[in-house]
There are 2 protein chains.
Amino acid sequence: MTGNKYYYLLSIVNRLETQEFRDLCATHGITVTHQRQVLFEALKSMPGHPSPEEVYARVKRRIPSISLATVYKNIHLFFKSGIFREVSLHHGSLRVELNSRSHHHLVCTVCKSISDIDEEAFGLPQRTGILPGGFLAERFSIDVLGRCAACQAKS
Amino acid sequence: MTGNKYYYLLSIVNRLETQEFRDLCATHGITVTHQRQVLFEALKSMPGHPSPEEVYARVKRRIPSISLATVYKNIHLFFKSGIFREVSLHHGSLRVELNSRSHHHLVCTVCKSISDIDEEAFGLPQRTGILPGGFLAERFSIDVLGRCAACQAKS
DNA sequence: GTGCTTGCAAATTCTTTGCACCATC
DNA sequence: GATGGTGCAAAGAATTTGCAAGCAC
């Protein structure tokens, strides 16, 4: 086929490939930019749980001029609009707890407060030992995510 | 009673109060210092999940000359010897994950790697809704802590 | 054109490290 | 008295912010 036809088809493919993200942006009321489009594709395609630096390195291959600050700003934007999630809700600073009785955590997604709840309050089957895949499970830590009484009252 | 007798009794009380920590140190093979003693008491008495800064502020009331570096060094020492625990095993850096299907995490306590495991692999009763205490539970996030296959092989 | 977004650099926050002095065993 | 711990100050890592110029709608 001629060069003209090729590029015409390419533009259609491109449009189809970016449609998912364009729709997401429309739904969440955020503007579409080239950086965000590439960031989104990178995040979707990266296995595991990439750190901002890893995402930055990946996106830089396609947009060499992008800055780490833009990556951070947009990752936070994606979190806020719910397109992606943070792995741990209470990172940010080291937190200490007594190594005594087993308990789990109630993490408020609004004010980030953490309170404890007793192991028995759940009564979950604690399946320790080797899991399929060879992982040796020693301990379970459950975060219950939601809104604390105070933050519910506020809204 | 006379001042003499008072101070004698005081010294006994003091010795009894510090005995728990002295035993712990002996068990774990770490040296007893005044700073560590005070740090230990502070951590034990603090409710919730204090940050290093909060612990520092607290301990400074009793040892004004203490430095934040010492607090950090000893908190890490306490983690290593198992006297206290970190609340979140994968803090340290922001991590992104797709907000798609429900899954939980296998966190290796040796190499800190995180891998995913499907929701169904657990089949846990997801009790969402209002918990006793007024917390509105929306989502559960389970970290299975242990050692990955690779780290087991190494030891 | 207006307002949100980007990239840069500087500022902030959190944590670790090197080193001289001091305490514990 | 040797070994390891402390405090200080400086370095390092992770993240955020302010701002001028550029892009999306």
- Any side-chain heavy-atom pair from A:L43 and A:R58 closer than 4.5 angstrom? no
- Task: Look at all strands and tell whether B:L68 reaches a base, only sugar-phosphate, or nothing, counting heavy atoms closer than 4.0 Å.
- Result: base
- Note on the structure: B:I75 atom CD1 is separated from C:dC14 atom C1', nearest whole Å, by 12 Å
- Query: Counting only non-hydrogen atoms, which of residues 31-39 of chain B are less than 4.0 Å from DNA chain C?
  - Reply: B:T31, B:V32
- Message: Salt bridge or not between A:R62 and A:E41? Use side-chain N to carboxylate O under 4.0 Å.
- Response: no
- Item | Rounded interatomic separation in angstrom, taking CD1 from B:I66 and P from C:dC22 | 17 Å
- Euclidean distance, atom CG of residue B:L77 to atom C1' of C:dT15 [Å, nearest integer]: 16 Å
- Query: In terms of ring plane angle, is the pair B:F78 and B:F40 parallel, tilted or perpendicular, where the classes change at 30° and 60°?
  - Reply: perpendicular
- Short side-chain N/O contact from B:Y72 to OP1 or OP2 of C:dT15, under 4.0 Å: yes
- Figure out the CG/P separation between A:L94 and D:dA14, and round it to whole Å. 15 Å
- Task: Consider only side-chain heavy atoms of I, L, V, M, F, W and Y, link residues closer than 4.5 Å, and tell whether A:Y56 and B:L94 are in one cluster.
- Result: yes
- Message: Expressed as a whole number of angstroms, how long is the span from B:K80:NZ to D:dG4:P?
- Response: 12 Å
- Query: Are A:K60 and A:E53 ion-paired here, with the side-chain N under 4.0 Å from a carboxylate O?
  - Reply: no
- Message: Whole angstroms only, please: what is the CD1-C1' distance between A:I30 and D:dA24?
- Response: 13 Å
- What is the nucleic acid contact for A:S51, judged by heavy atoms within less than 4.0 Å: base, sugar-phosphate only, or nothing? nothing
- Message: Distance check needed: C:dT6 C1' versus A:K60 NZ, whole Å only.
- Response: 13 Å
- Message: Less than 4.0 angstrom between a side-chain N/O of A:S67 and OP1 or OP2 of C:dC8, yes or no?
- Response: no
- Message: I'd like to know if A:V144 and A:F140 are part of one continuous hydrophobic network [Ile/Leu/Val/Met/Phe/Trp/Tyr, side-chain heavy atoms within less than 4.5 Å].
- Response: yes
- Message: Given the structure, check if the side chain of B:K73 and the base of D:dG4 hold any donor-acceptor pair shorter than 3.5 Å.
- Response: no
- Please tell me which of the listed nucleotides, C:dT15, D:dT6, D:dA9, lies nearest to the side chain of B:T70? D:dT6
- Query: Roughly how many Å is it from CG in B:N74 to P in D:dG4, rounded to a whole number?
  - Reply: 15 Å
- Kindly say whether A:R85 contributes a backbone atom to a donor-acceptor pair with the side chain of B:E97 at under 3.5 angstrom? no
